[in-house]
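What you are looking at is a predicted structure, and each value in this text was computed from that prediction instead of being measured.
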Amino acid sequence: TLAAIGALMLWIDWQLALIVLSIFPLIGGAFGFVLKKVQPLFLKIQSVIDRLNAIAGLEAEAELPEIESYLVKGALIGREAELARMQHAVERTIEGRGGALLVEGVTGMGSTRVLEELAVRAQLAGASVLMLDGEAQRGPYSLAKGLVRKLIAVMPDLALGAAMPHGPVLIDAFPELVRYFPAQRPAQRPMNPGMWRAHVQSTLVAWLLAISRRQPLVITVDALEHADDASAALLATLAVEAGGYPVLIACGARPGDAGE
């Protein structure tokens, strides 16, 4: 096509043709130079978006919702007190003074949306967010297992590095972690099952707190009333310890729904 254009212009005006044909390479070179400079910026932006999506547990193509869009939707009408308390809790957590929040409400009253809003605000403040659903995970330590998987998926290097001192207990409690610690052997369990559960619980708390020293953590748990007892005890213990660490546990609960 370019050759045909050049031939036509030579036939019309050879001087004009020479000028135009000499400009084409310059235009192409300039476009290539600009594209080379801009492309890494686009890749970096996409990487940041993908990272935020992974933190929130969203699909890769999902867009990070804006804070304003959550505040104006009907599900959050009447939740101003929770939103204010939530914002204060996020700010305190980033400063290293975490804690726990409980958002109660019957089904359809917006507790899930409040937790989603908290997750967005925490991400924008610089925290890593782990979102769990008590209703989606059933069985002993099921919620805790989900938390472990989220940790490794969102921050693999940091999570596994902090887990090294606790490897024997963790791989015994969560056998799927064996592949990350091939040189370690499972810890020997005490005869008393209650003592072992307490040991696993304290190990998980120590692991999470160690991670938080390097990266603020916000853990949201929807449908807390469906959580298994062992995981609920873990969350309660972590909430007590979180006061001196950048860790926030935010739970949504619907009283009376657990037996349904």
Asp222/Arg254 ion pair, N-O < 4.0 Å: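 Counted as a salt bridge, because a side-chain N and a carboxylate O are separated by less than 4.0 Å.
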Is any side-chain N of the basic residue among Arg92 and Glu95 closer than 4.0 Å to the acidic one's carboxylate O?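 Salt bridge flag = no for Glu95 with Arg92.
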Start with the C-alpha gap between Met195 and Arg189, add the side-chain angles, then the distance that decides, and say whether side chain to side chain contact (heavy atoms under 4.5 Å, CB included) holds. CA-CA 9 Å; Met195 291 180 60; Arg189 297 192 179 194; over 6 Å; no
Pair Val247, Leu208 - check side chain to side chain contact (heavy atoms under 4.5 Å, CB included), show working. CA-CA 8 Å; Val247 180; Leu208 289 163; 5.9 Å; no
Nearest-0.5 Å distance that lies between atom [atom1] in [X] and atom [atom2] in [Y]:
X	Y	atom1	atom2	answer
Ser231	Asp228	OG	CG	3.0 Å
Arg213	Tyr245	CZ	OH	4.5 Å
Glu135	Leu143	CD	CG	12.0 Å
Arg185	Asp172	CZ	CG	13.0 Å
Leu248	Glu91	CG	CD	12.0 Å
Ser111	Glu116	OG	CD	10.0 Å

Could you go through Leu101 and Leu115, starting from their C-alpha distance and side-chain angles, then the distance that decides it, and tell me whether this counts as side chain to side chain contact (heavy atoms under 4.5 Å, CB included)? CA-CA 10 Å; Leu101 284 175; Leu115 292 178; over 6 Å; no
Under 4.5 Å between side-chain heavy atoms, hopping through other hydrophobics if needed: is there a path connecting Leu102 to Leu238? yes
Please tell me if the side chains of [X] and [Y] come closer than 4.5 Å, counting only heavy atoms from C-beta onward.
X	Y	result
Ile219	Val221	yes
Leu234	Val200	no
His199	Thr203	yes
Met164	Gln184	yes
Leu132	Thr220	no
Cys251	Ile249	yes
Val169	Trp196	yes
Val148	Leu204	yes

Quick check: are there more than 12 heavy atoms from other residues, nucleotides or ligands sitting under 6.0 Å from CG of Asp229?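 Count not over threshold, so no.
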So which heavy atom on [X] is nearest to which on [Y], and how close?
X	Y	value
Ala250	Leu118	CB-CD1, 3.8 Å
Ala163	Leu170	CB-CD1, 3.7 Å
Met131	Val129	CG-CG1, 3.7 Å
His166	Ala162	CD2-O, 3.6 Å
Ala100	Ala239	CB-CB, 3.7 Å
Ala242	Gly99	CB-N, 3.7 Å

Ignoring hydrogens and geometry, is there a side-chain-to-backbone donor-acceptor pair from [X] to [Y] under 3.5 Å?
X	Y	result
Gln215	Gly126	yes
Thr93	Ala89	yes
Trp207	Leu160	no

Are Leu217 and Ile211 close enough, and set up right, to give a side chain to side chain contact (heavy atoms under 4.5 Å, CB included), and what steps lead you there? CA-CA 8 Å; Leu217 287 177; Ile211 293 172; 4.0 Å; yes
Checking side-chain polar atoms at under 3.5 Å, does Arg197 have a donor or acceptor matched by the opposite partner on Ser202? no
Before you tell me yes or no, could you show the steps for Arg121 and Glu117 under salt bridge (charged side-chain N to carboxylate O under 4.0 Å, His left out), namely the whole-Å CA-CA distance, both residues' side-chain angles and the distance that decides it to 0.1 Å? CA-CA 6 Å; Arg121 295 193 183 200; Glu117 173 69 11; 2.7 Å; yes
Test applied, side chain to side chain contact (heavy atoms under 4.5 Å, CB included); reference residue, Met155; option that passes from Leu158, Asp157, Ile152: Leu158
